[in-house]
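Sequence lines set the chain letters: A, B, ... in the order given, protein chains first and strands last, and positions in each chain run from 1.
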Amino acid sequence: MTTTTQKVTLAKALNMGLRKAMEDDPKVLLMGEDVGKLGGVFRITDGLQKAFGEDRVIDSPLAESGIVGTAIGMALRGYKPVVEIQFDGFVYPAYDQIVCQVAKFCFRSQGKTPIPMVIRIPFGGGIGAVEHHSESPEAQFAHTPGLKVVACSNPVDGYWMIQQAIAAPDPVIFLEPKRQYHADKAELDDSVTPDPLFSSRVVRRGSDVTVLAYGPTVKTAMKAAEAASGEGKSLEVIDLRTLSPLDMAPVFESVRRTGRAVITHEAHVNLGLGAEVSARITEECFYSLEAPVLRVGGFDTPYPPSRIEEDYLPDLDRVMDAVDRTLDF
Amino acid sequence: MTTTTQKVTLAKALNMGLRKAMEDDPKVLLMGEDVGKLGGVFRITDGLQKAFGEDRVIDSPLAESGIVGTAIGMALRGYKPVVEIQFDGFVYPAYDQIVCQVAKFCFRSQGKTPIPMVIRIPFGGGIGAVEHHSESPEAQFAHTPGLKVVACSNPVDGYWMIQQAIAAPDPVIFLEPKRQYHADKAELDDSVTPDPLFSSRVVRRGSDVTVLAYGPTVKTAMKAAEAASGEGKSLEVIDLRTLSPLDMAPVFESVRRTGRAVITHEAHVNLGLGAEVSARITEECFYSLEAPVLRVGGFDTPYPPSRIEEDYLPDLDRVMDAVDRTLDF
Amino acid sequence: VTQPGFGPDLAEVFGPAHQPSSDTGPLGLVQLLTPEGERVEHPDFSFGDGLSHDELAEQVRGFFRDMTLTRRIDVEATALQRHGELGIWAQLLGQEAAQIGAGRALRPQDYVFPTYREHGVAYCKGVDPLLLLGLFRGVDQGGWDPRENNFGLYTIVIGAQTLHATGYAMGMQRDGVVGTGDPERDAAVVAHFGDGASSQGDVNEAFIFAASYNAPVVFFCQNNQWAISEPIERQTGIPLYQRALGFGFPGVRVDGNDVLATYAVTQAALQRARDGQGPTLVEAYTYRMGAHTTTDDPTRYRLSDDVERWKLKDPIARVEVYLKRNGLADQDFFDAVAAEADDLGHRLREGCKAMPDPQPMSMFDHIFAEETEELRLQREGFATYLESFEGARA
Amino acid sequence: VTQPGFGPDLAEVFGPAHQPSSDTGPLGLVQLLTPEGERVEHPDFSFGDGLSHDELAEQVRGFFRDMTLTRRIDVEATALQRHGELGIWAQLLGQEAAQIGAGRALRPQDYVFPTYREHGVAYCKGVDPLLLLGLFRGVDQGGWDPRENNFGLYTIVIGAQTLHATGYAMGMQRDGVVGTGDPERDAAVVAHFGDGASSQGDVNEAFIFAASYNAPVVFFCQNNQWAISEPIERQTGIPLYQRALGFGFPGVRVDGNDVLATYAVTQAALQRARDGQGPTLVEAYTYRMGAHTTTDDPTRYRLSDDVERWKLKDPIARVEVYLKRNGLADQDFFDAVAAEADDLGHRLREGCKAMPDPQPMSMFDHIFAEETEELRLQREGFATYLESFEGARA
Ligand SMILES: Cc1ncc(C[n+]2csc(CCOP(=O)(O)OP(=O)(O)O)c2C)c(N)n1
Ligand SMILES: Cc1ncc(C[n+]2csc(CCOP(=O)(O)OP(=O)(O)O)c2C)c(N)n1
Ligand SMILES: [Mg+2]
Ligand SMILES: [Mg+2]
């Protein structure tokens with residue numbers, strides 16, 4: 001790794017982060033479908049099998065439960081498996097192994113056999129794909145005790161967070177906004193010290209409304225803040241980054257100042273992260289709230305055909321609309 | 001079916017309801033592990049294979065994905081499969097088939113191939129069982145568009161709701177509070193007209209605090225209301241009954257009167273049903289609320305060893321405590 | 001007391017565990033028409049018995065036509081994707097014989113559960129090829145009516161459909177349409193899947209359920225040697241058809257580039273199922289000549305000379321040679337098929353471009369057979385929201 | 001053109017699909033000690049080669065002792081459940097030979113992934129039997145340290161552990177402890193599961209991964225004929241050991257009530273794995289003499305004369321006869337073992353009753369290796385809440 005800064009995409013940043021983690025710790029293994037020669041369908045593991053060999057970058061048979069289940073065994077043997085689920089919609093065959101095994105080994109063994117393991121999931125929509133390729137399954141994992149769930153939203157976080165997740169002693173569901181993989185480049189400076197993994201971050205200061213987002217919707221929230229400022233409205237934007245545990249302190253601090261909050265995610269609104277965040281804000285900031293927390297998310301419909309996905313996904317207009325509604329409340 | 005009333009347990013009521021549904025519609029099939037000769041580990045299907053034969057009450061190989069997946073095929077062929085998942089914790093191997101297939105066939109085919117199917121799940125704790133036998137997975141299913149999720153709390157509802165779920169043209173996740181199976185008996189009158197399946201119900205009138213519950217916690221809420229009345233506090237108790245869709249009208253009406261709400265369920269609080277209900281109440285009844293909606297649920301820990309499960313589960317004391325906190329807020 | 005080397009060498013005892021997956025097993029690769037267009041005999045399977053010379057000629061010409069039109073569908077769709085009319089396309093290039101052989105062995109009452117690549121089988125089942133494009137264009141998730149064509153919607157979650165197929169077959173058993181001996185009545189199901197899919201738990205559970213209930217289902221695996229970038233060797237060390245032996249039902253490997261053999265073997269397997277003799281695994285040994293999908297780049301993981309070698313086994317060329325050499329078809333026939341293919345291509349191009357985008361509001365339709373109040377309100381809310389932009393957006 | 005009956009009868013072609021599961025297959029049921037206590041030869045497996053008469057006698061006496069103590073653990077635990085000291089117990093009655101044979105074939109460096117019934121294997125791995133009771137009493141979810149005993153915690157989700165075992169074996173490969181030829185170093189894994197579990201997708205995926213990576217894992221299936229109320233016939237129509245042939249590795253059926261045969265076969269399979277020759281499926285053909293668990297009522301679904309028939313095949317009785325008839329053990333030995341069993345029983349009774357309930361607050365412990373702020377707050381909140389009752393509750 002060089003410490004000279006360079007401009008990279010999220011895909012490249014994750015690739016660099018994985019490479020760094022593998023260089024730093026020989027116990028780190030990558031496993032998944034097509035992660036080897038192909039470098040993954042999104043090329044996140046590009047070149048890593050060539051660099052670290054087939055024993056450390058493992059192309060697996062086509063079976064997600066098998067991937068996660070065997071990764072558990074490797075973790076028990078002292079390895080740190082980083083598994084790639086090819087698309088969000090294909091994590092479900094592994095769901096049983098994740099919620100009944102990965103999440104429970106540490107508790108079941110009273111701490112004797114923790115499972116340090118990372119499950120990388122490209123998530124979210126907006127890439128014009130077919131069914132099962134644009135899901136947002138985070139709430140289901142966040143609801144499960146024993147799992148930690150994080151989502152990166154930009155190249156710099158991607159580079160650091162993947163390394164922190166791999167270094168963490170507990171299982172981490174690592175969500176990558178696939179729509180952002182090749183979208184924007186950011187300056188990467190290897191010499192800075194990153195924020196802790198399980199912390200949310202205020203990414204734009206503001207005073208009228210607090211807008212909460214994570215993963216792909218952070219960009220949307222920032223655009224909304226930009227547009228709002230043009231209309232004289234000052235939005236504070238917080239990138240949650242960690243979905244379980246939630247780091248609510250900065251959120252409470254912000255809402256106590258603004259009195260208004262909007263949360264946006266691509267997942268279905270019903271029982272999405274917004275529900276929990278809304279409930280917690282209301283419990284903690286009841287007397288500071290000028291309006292109920294508003295939720296802008298994917299509708300409670302299956303993810304629609306791609307030609308209308310942009311209508312399904314929360315966008316700048318829908319976030320602005322919620323901002324106006326909370327201000328007019 | 002006789003129309004003379006009789007006192008029955010929830011287990012018996014469900015058994016009678018299944019028998020009635022099979023008598024009324026020859027397309028109804030039961031399938032699951034040990035549902036045949038054994039009548040299920042809880043005896044809910046007791047005697048049904050004897051009565052309707054092995055073609056209609058089907059003992060399956062030991063594979064939940066296989067059970068749900070083949071049931072989908074039978075539904076496509078015109079049958080109405082009612083599958084039994086032996087315990088809540090064992091629904092996860094079938095999770096992929098449920099959320100990616102059962103939930104999506106109707107939408108995917110633009111209504112051409114709906115999946116009328118019932119997935120029965122004994123859920124909740126309090127029976128002194130080992131790991132995986134006391135889970136409350138409802139939130140994960142309620143978060144999935146395309147599924148309808150209901151929970152019965154008493155013998156009379158059990159008898160009617162199972163028949164209504166089977167008659168419904170859509171897939172229904174049918175949650176049965178296993179702790180109640182053999183607990184209390186109730187008078188069953190076959191001649192009355194039951195409430196619609198997807199409706200919640202006020203089970204006790206009150207004016208100070210609205211307590212929301214479903215499945216196993218309804219009994220807890222009623223006990224709390226009883227105790228509270230002794231202390232001069234009047235609790236209104238609502239049995240949600242339907243978890244997706246939620247029937248919020250009676251809830252909003254109630255909270256507008258009481259200004260205070262407590263919701264209790266055995267599922268983990270974090271992203272449990274209480275989060276969604278709290279968010280919706282706050283969105284709809286913001287100016288009526290005297291205090292934030294409080295949530296009393298299972299802690300955000302894996303379900304603990306049975307010797308301390310009663311400490312994990314919401315009980316009368318913890319509901320009362322929340323009631324006091326909302327009144328003192 | 002434990003000593004190294006104690007006990008016999010199990011490999012010896014049980015016979016060699018692993019055989020190269022190119023091995024064709026005890027039955028040999030069932031082939032009835034060589035890549036050179038020569039008819040060959042097989043001890044167990046034959047094509048054309050009981051057919052007159054003309055009937056046989058007509059049927060083989062039919063196969064040629066089916067495969068040619070199927071390939072044209074594939075070529076046009078691939079081009080449409082390149083021109084941005086489709087978001088993605090799953091090519092079947094090279095698998096025409098496997099699909100037409102399997103598709104033509106079906107009776108109307110037989111039901112098919114496809115993957116996302118069974119364009120040729122869909123064509124045999126009478127699905128308008130234009131409807132196949134909708135899913136890849138992103139305007140729907142499958143526009144045809146499974147009930148009309150007895151052809152299910154494409155399934156994208158690998159392997160899931162094999163369980164649906166098995167359950168559907170169990171339904172047929174309960175409907176009394178298995179083993180009655182009435183050809184108009186007896187029915188069976190075909191579950192399509194790929195070599196990679198054979199590793200999914202669902203597929204193996206489907207084998208178990210089908211065997212346990214003796215369900216009338218044919219498991220038709222197109223072993224095209226690749227699961228995206230992963231070669232068949234990652235999934236299995238022995239020929240895939242032998243998987244069935246571990247579950248107690250027959251498996252057979254057929255030359256998937258030989259339409260006559262695929263037809264004969266599939267039909268035999270289907271008849272076995274219809275007769276109530278239970279499931280069969282058919283492994284159609286073929287090759288994915290194109291990319292996994294139009295978004296894939298095979299040069300990253302496989303050598304082009306593999307592809308070159310398989311070009312010599314082209315499923316259509318061998319039939320053309322056979323027809324010509326034996327004078328079973330004249331030039332007029334080939335010209336007519338070519339013309340028909342051109343018309344089809346034209347229709348697909350025009351039809352695809354004409355496919356309208358769905359209405360945004362349609363995302364709220366058909367989530368349930370019985371809509372919920374919740375969804376009705378969400379739909380209305382979104383409609384009102386959209387209206388607030390009229391003018392603004394226009 | 002489709003005609004009924006066209007094509008050969010595949011059943012004929014492929015040979016009979018289904019064989020009764022009592023069939024012992026090409027290899028025959030491997031047996032080295034008959035129910036009558038007679039030593040018999042097997043062409044491929046043998047017991048005691050290279051052992052002196054005394055060494056052999058000592059080892060067989062050891063098996064007798066192990067099985068007797070294991071049965072006592074089971075009997076005591078069953079009684080403790082009846083007396084309300086345990087919430088439930090999964091009995092192994094009848095499966096002692098299968099478990100001791102498998103357990104004694106292990107080396108210290110071999111790792112075991114059990115189900116919830118491997119009490120005998122746990123005993124062989126040095127797990128204090130008392131610790132086995134905690135899970136069933138409801139005071140913990142497995143009190144032993146998997147790292148100390150190389151014996152994983154009991155797994156209740158059927159089949160899940162077979163994948164963990166395969167992954168653990170893949171880790172051994174990467175650690176270079178496979179195929180080095182050093183008996184102190186080379187290691188393997190045993191994955192235990194039942195006949196019912198063989199239907200789970202996870203188990204079949206474990207077969208696929210193990211075969212694909214040639215992992216050093218022995219899949220040890222105790223076919224006790226029942227999955228709660230479901231007979232083996234619901235899961236498979238052919239002998240279970242043949243499942244392995246569909247995945248490209250050896251399978252063998254051994255008399256699971258014959259400790260000598262189970263020991264010999266398991267050891268050979270383990271050695272094969274340690275040598276780097278890959279996975280083996282061992283089907284220990286036995287019978288569940290008791291209920292599925294203490295909450296089960298087998299009279300609802302099976303006939304007692306089945307049980308009676310299997311009583312004649314008791315795994316311990318045959319060894320006792322063998323030892324006595326061949327003068328390999330005297331009465332003192334049997335008395336000593338009986339006394340030892342009584343001591344063990346006593347220790348289990350007292351120890352179980354003395355097991356304290358966990359502290360309520362302990363439910364917040366060890367959810368993560370690194371506790372979260374969220375959980376710390378929830379823990380504190382609950383502590384404060386509990387304190388508010390002091391006195392009230394006391
Ligand atoms: C459960 C699941 N996991 C992963 C994928 C992504 N994926 C789509 S096709 C494919 C390869 C399938 O290979 P094979 O079964 O051989 O079929 P083929 O594409 O070769 O026809 C994969 C991994 C998926 N669709 N579903
Ligand atoms: C995934 C899952 N489904 C269902 C169960 C409930 N269950 C516990 S034991 C059992 C039967 C297991 O039979 P088998 O594999 O033969 O093992 P045995 O109990 O006979 O030793 C079942 C269905 C479970 N524990 N896990
Ligand atoms: Mg393939
Ligand atoms: Mg069993």
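The part of B:Glu131 that comes within reach of chain A is its side chain, from C-beta onward, which places non-hydrogen atoms under 4.5 angstrom from that chain. Interface remark: A:Glu135 contributes side-chain atoms only to the contact with chain B (heavy atom separation under 4.5 Å). Contact of B:Ser65 with chain A is not made at all, since no heavy-atom distance falls under 4.5 Å. Heavy atoms closer than 4.5 Å to chain B are found in both the backbone and the side chain of A:Leu289. Residue contact with chain B, scored on non-hydrogen atoms closer than 4.5 Å, involves the side chain of A:Arg108 exclusively. Proximity to chain B (any heavy atom under 4.5 Å) is shown, for A:Gln97, by neither the backbone nor the side chain. Of the atoms belonging to A:Glu138, not a single heavy atom falls under 4.5 Å from chain B. Of the two parts of B:Ala94, neither the backbone nor the side chain holds a non-hydrogen atom closer than 4.5 Å to a non-hydrogen atom of chain A.
Interface summary for chain A: among B:Ala139, B:Ala279, B:Pro292, B:Pro304, the most heavy-atom pairs under 4.5 angstrom belong to B:Pro292. Of the residues considered (A:Ser244, A:Gly272, A:Ser278, A:Pro93), A:Pro93 shows the highest number of contacts with chain B, using heavy-atom pairs under 4.5 Å. Comparing B:Glu284, B:Arg295, B:Gln140 by how many heavy-atom pairs each has under 4.5 Å with chain A, the most go to B:Arg295. Interface remark: of the candidates A:Gly89, A:Ala267, A:Ala291, A:Ala291 forms the most heavy-atom pairs closer than 4.5 Å to chain B.
Evaluation of the side chain to side chain contact (heavy atoms under 4.5 Å, CB included) rule for B:Cys100 yields A:Tyr92, A:His132, B:Asp96, C:Val157 as partners, not counting sequence neighbours. Judged as a salt bridge (Lys or Arg N to Asp or Glu O under 4.0 Å), and not counting sequence neighbours, B:Asp208 has no contacts. In this view, A:Glu84 and A:Arg120 satisfy the salt bridge (Lys or Arg N to Asp or Glu O under 4.0 Å) rule, not counting sequence neighbours.
At a heavy-atom separation below 4.5 angstrom, chain A is approached by no residue within residues 256-265 of chain B.
Interatomic distance, A:Thr282 OG1 to B:Glu283 CD, rounded to the nearest 0.5 Å: 9.0 Å. Atom NE2 of A:His143 sits about 8.0 Å away from atom OG of B:Ser136, to the nearest 0.5 Å.
Nearest approach of A:Pro302 to B:Lys104, heavy atoms of both residues: CB-CE, 4.3 Å.
A:Leu273 has its side chain within reach of B:Leu271: a pair of non-hydrogen atoms, C-beta onward, lies under 4.5 Å apart. Under the 4.5 Å side-chain criterion, counting only non-hydrogen atoms from C-beta, B:Val99 is not in contact with A:Tyr95.
B:Glu276 places no side-chain N or O within 3.5 Å of a backbone atom of A:Ala275 that could act as its donor or acceptor partner.
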Practice prompt. Show your reasoning for whether ring pair (Phe, Tyr, Trp, His ring centres under 6.0 Å) applies to A:Tyr287 and B:Phe329.
Written response: CA-CA 11 Å; A:Tyr287 288 122; B:Phe329 193 84; 5.4 Å; yes
